[in-house]
Undergrad: 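Questions regarding the structure given below will be posed in turn.
Every chain is numbered from 1, with letters handed out A, B, ... down the list of sequences.
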2 protein chains.
Amino acid sequence: MTPQRIAIVEYVANSLHHPTAEDICIHVNERFPMTSRATVYNTLHLLRDYGLLQEINEAGVIRFDPNIRDHHHFICTGCGSVRDIPQELVNIVFSTEATDFQADDIEVVVRGRCVVCKSLGNVFVATS
Amino acid sequence: MTPQRIAIVEYVANSLHHPTAEDICIHVNERFPMTSRATVYNTLHLLRDYGLLQEINEAGVIRFDPNIRDHHHFICTGCGSVRDIPQELVNIVFSTEATDFQADDIEVVVRGRCVVCKSLGNVFVATS
DNA sequence: TTGATTGCAAACGGTTTGCATGGGA
DNA sequence: TCCCATGCAAACCGTTTGCAATCAA
């Protein structure tokens with residue numbers, strides 16, 4: 001456990017908005033300048049391999065989610081933010097009779113507008 | 001409508017496995033050598049803009065799906081293939097009372113092993 | 001002649017890798 | 001001493017863009 005790793009873990013663990021690797025790089029560098037991308041990615045992949053966080057790939061960009069319980073995701077089409085939806089709120093009935101594959105995991109992604117973007121009338125804003 | 005465009009449309013329309021842009025490039029070049037990536041992407045984006053196909057982004061790679069009806073996807077963790085799941089097979093009950101966002105679209109991704117990988121015992125094969 | 005389509009090559013952005021350095025056990 | 005985390009830079013891969021050549025109307 002090095003200072004850089006602690007900073008990465010703390011930042012991801014305390015974030016509610018599923019930061020991208022780039023977000024994490026920027027914030028860790030505010031506390032520990034000169035922290036390289038390699039270190040950030042290396043640490044995040046270790047955490048993932050140990051099952052301490054989830055990777056979610058949204059539109060080609062990997063985001064990191066400290067919530068490892070079964071849950072689903074809401075993605076705002078206004079501001080690009082990603083939030084968790086507790087498993088309990090989503091009830092899926094999936095008829096497996098007509099299928100020949102073995103289902104190991106079901107992921108639900110809900111897209112729409114968050115309360116802020118809804119009130120602001122944001123319809124689409126590039127996530128740059 | 002140029003020969004290249006017709007080849008692209010035919011290939012995507014007749015494919016059941018949701019080809020990537022690279023897959024499409026390779027197949028179109030078998031019929032029309034020298035077809036450039038720019039042409040393939042350009043045509044695919046046109047088709048998408050006209051609503052004639054869907055883009056699905058799986059693990060950072062864009063795949064193209066000629067099925068534009070509402071449906072969901074199964075992704076095989078053995079061979080990486082992607083298949084459609086008809087809307088009718090998936091029944092989602094989503095309680096919106098506890099949420100403050102506006103849900104516009106729900107996407108379900110089922111991961112598991114297809115019938116072939118199940119019988120071959122494939123657990124994970126890199127999709128290269 | 002005009003506009004759209006094409007091929008090429010370079011740029012782009014996020015991610016991964018190779019390698020030398022340096023600190024801790 | 002050995003191992004492993006680190007920083008840097010380059011490579012990588014899929015995608016996008018700029019531009020000149022070409023084709024059809």
Side-chain angles (χ1 to χ4, degrees), chain A residues 1-12 15 17-50 52-65 75 80-82 124-128, chain B residues 1-12 15 17-50 52-65 75 80-82 124-128:
Chain A
M1 265 298 148
T2 60
Q4 290 92 332
R5 288 194 173 184
I6 291 168
I8 293 167
V9 171
E10 280 183 7
Y11 182 66
V12 178
S15 68
H17 64 292
H18 306 72
T20 64
E22 190 60 27
D23 292 335
I24 299 165
C25 273
I26 291 169
H27 277 264
V28 170
N29 270 279
E30 286 174 2
R31 289 179 54 188
F32 296 96
M34 305 268 89
T35 304
S36 74
R37 260 163 239 285
T39 301
V40 172
Y41 278 103
N42 181 22
T43 302
L44 292 168
H45 290 166
L46 277 175
L47 293 169
R48 174 200 57 194
D49 293 344
Y50 284 130
L52 300 174
L53 53 73
Q54 281 189 0
E55 276 186 16
I56 51 182
N57 195 315
E58 171 60 16
V61 179
I62 301 177
R63 289 170 175 270
F64 295 88
D65 185 347
I75 298 171
S81 65
V82 178
F124 179 75
V125 179
T127 55
S128 65
Chain B
M1 268 295 147
T2 60
Q4 291 94 331
R5 290 194 173 184
I6 291 168
I8 293 167
V9 170
E10 279 183 9
Y11 182 66
V12 177
S15 67
H17 65 292
H18 306 71
T20 63
E22 191 60 27
D23 292 336
I24 299 165
C25 273
I26 291 169
H27 270 82
V28 170
N29 269 280
E30 286 173 2
R31 290 179 54 188
F32 296 95
M34 306 266 91
T35 304
S36 74
R37 260 163 239 284
T39 301
V40 172
Y41 278 104
N42 179 23
T43 303
L44 292 168
H45 290 166
L46 277 175
L47 292 168
R48 174 200 56 194
D49 293 344
Y50 284 129
L52 299 174
L53 52 74
Q54 279 189 1
E55 275 186 17
I56 52 182
N57 195 313
E58 170 59 16
V61 179
I62 301 177
R63 289 171 174 270
F64 296 87
D65 184 347
I75 298 170
S81 66
V82 178
F124 179 76
V125 179
T127 55
S128 65

Undergrad: How long is the gap from OG1 on T35(B) to CD1 on I24(B), to the nearest 0.5 Å?
TA: 12.5 Å
Undergrad: Please figure out whether R37(A) or L46(A) has its closest DNA chain D nucleotide nearer the 5' end.
TA: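 Its nearest nucleotide being more 5', the pick is L46(A).
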Undergrad: Once you measure the plane-to-plane angle for H45(B) and F64(B), does it fall in the parallel (<30°), tilted (30-60°) or perpendicular (>60°) bin?
TA: tilted
Undergrad: Whole angstroms only, please: what is the CE-P distance between M34(B) and dA21(D)?
TA: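 In whole Å, dA21(D) P lies 18 Å from M34(B) CE.
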Undergrad: Are any of the side-chain nitrogens in R31(A) or E10(A) under 4.0 Å away from the carboxylate oxygens of its partner?
TA: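 Here R31(A) pairs with E10(A) in a salt bridge, since their nearest N and O are under 4.0 Å apart.
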Undergrad: For E22(B), answer base if it contacts any base atom (sugar-phosphate contacts may also be present), sugar-phosphate if it contacts only those atoms, and nothing otherwise; contact means non-hydrogen atoms under 4.0 Å.
TA: nothing
Undergrad: Can you tell whether the side chains of R63(B) and E22(B) come within less than 4.0 Å, N to carboxylate O?
TA: no
Undergrad: side-chain contact (heavy atoms from CB on, under 4.5 Å) for I62(B) and T20(B)? Distances and angles first, verdict last.
TA: CA-CA 6 Å; I62(B) 301 177; T20(B) 63; over 6 Å; no
Undergrad: Let me know the distance between CG of L44(B) and C1' of dT15(D), rounded to the nearest Å.
TA: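 So the two atoms are 12 Å apart, to the nearest Å.
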Undergrad: Could you give the CZ-to-P distance, from F32(B) to dC23(D), as a whole number of Å?
TA: 15 Å
Undergrad: May I ask you to verify if any side-chain N or O of H45(B) is less than 4.0 angstrom from the OP1 or OP2 atom of dT16(D)?
TA: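 H45(B) to dT16(D) OP1/OP2: side-chain N or O found under 4.0 Å.
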Undergrad: Given the rule in the side-chain contact (heavy atoms from CB on, under 4.5 Å) test, do N42(B) and R5(B) qualify, once you have shown the distances and angles that lead to the verdict?
TA: CA-CA 9 Å; N42(B) 179 23; R5(B) 290 194 173 184; 3.8 Å; yes
Undergrad: I'd like to know whether CZ of R48(A) has more than 12 heavy-atom contacts from other residues, nucleotides or ligands below 6.0 angstrom.
TA: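 Counting other residues, nucleotides and ligands, CZ of R48(A) exceeds 12 neighbours.
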Undergrad: Classify the nucleic acid contact of T20(B) as base, sugar-phosphate or nothing, counting any heavy atom under 4.0 Å across all strands shown.
TA: nothing
Undergrad: Rounded to whole Å, please give me the gap between CG in N57(B) and P in dT15(D).
TA: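 One finds 8 Å between P of dT15(D) and CG of N57(B), rounded.
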Undergrad: Can you tell me if T39(A) touches the phosphate of dG7(D), counting only side-chain N or O atoms and a distance under 4.0 Å to OP1 or OP2?
TA: yes
Undergrad: Which is the 5'-most and which the 3'-most nucleotide of DNA chain C that has an atom under 4.0 Å from a heavy atom of chain B?
TA: dT5(C) to dC8(C)
Undergrad: If you look at every strand shown and take non-hydrogen atoms under 4.0 Å, does R5(B) touch a base, only sugar-phosphate, or nothing?
TA: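 Sugar-phosphate: the residue R5(B), judged by heavy atoms under 4.0 Å, touches backbone atoms but no base.
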Undergrad: Do any side-chain nitrogens or oxygens of Y41(B) fall under 4.0 Å of OP1 or OP2 in dT15(D)?
TA: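 Yes, Y41(B) has a side-chain N/O under 4.0 Å of OP1/OP2 on dT15(D).
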